[in-house]
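Read the structure below first, then the notes.
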Amino acid sequence: MGIGTSIFLIAVGAILTFALNANIGGLDLDVVGWILMAVGVLGLIMTTLIWGRRRREVVTTGEPVEYRRVEEPVEYRRVEERRDVAPPL
């Protein structure tokens, strides 16, 4: 789950919990809203932890590396295609 999805779930949950005053037979929208907000917060925490592990500082020592641009020759070819198409009946 990404950060955007987590924020979306939190927003939808907050709307269901705090902004709506509707009753659906057998379904409490306040509870559904709280569940969506909890899932969104949990997803946001998990995403932050996973992305936090991927971001590590890389330290290099030694001489700087020089990069040279190597230009390779470009080959252009012309391709012709011919089709025999029967007219529609």
Side-chain angles (χ1 to χ4, degrees):
M1 182 182 312
I3 294 174
T5 306
S6 299
I7 293 173
F8 177 75
L9 286 177
I10 293 170
V12 170
I15 290 170
L16 288 177
T17 302
F18 303 117
L20 286 181
N21 237 355
N23 291 325
I24 297 177
L27 184 65
D28 190 4
L29 291 181
D30 289 340
V31 174
V32 173
W34 283 108
I35 291 172
L36 286 177
M37 285 191 292
V39 170
V41 168
L42 183 64
L44 191 61
I45 291 170
M46 295 297 291
T47 302
T48 305
L49 289 176
I50 290 172
W51 281 102
R53 289 183 188 167
R54 291 184 183 177
R55 294 182 183 175
R56 294 185 180 167
E57 187 175 335
V58 177
V59 178
T60 58
T61 58
E63 297 295 320
V65 179
E66 291 184 21
Y67 293 99
R68 290 181 291 157
R69 183 175 181 179
V70 179
E71 296 197 21
E72 298 178 9
V74 179
E75 179 182 332
Y76 294 101
R77 294 184 295 163
R78 182 174 180 170
V79 178
E80 291 185 18
E81 181 178 338
R82 296 179 189 219
R83 294 184 185 183
D84 292 329
V85 179
L89 298 176

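In what follows, residues are counted from 1 in the order of the sequence shown.
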Throw together a table of side-chain donor-acceptor distances under 3.5 angstrom for residues 31-46, partners on residues two or more places apart or in other chains.
none

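Hydrophobic clustering keeps Leu27 apart from Ile15 (ILVMFWY residues linked when any side-chain heavy atoms are closer than 4.5 Å, directly or through intermediates).
With sequence neighbours excluded, the residues satisfying side-chain contact (heavy atoms from CB on, under 4.5 Å) with Glu81 are Arg83. The side-chain contact (heavy atoms from CB on, under 4.5 Å) check on Ile7 picks up Ile3, with sequence neighbours excluded. The ring pair (Phe, Tyr, Trp, His ring centres under 6.0 Å) check on Phe8 picks up nothing, with sequence neighbours excluded.
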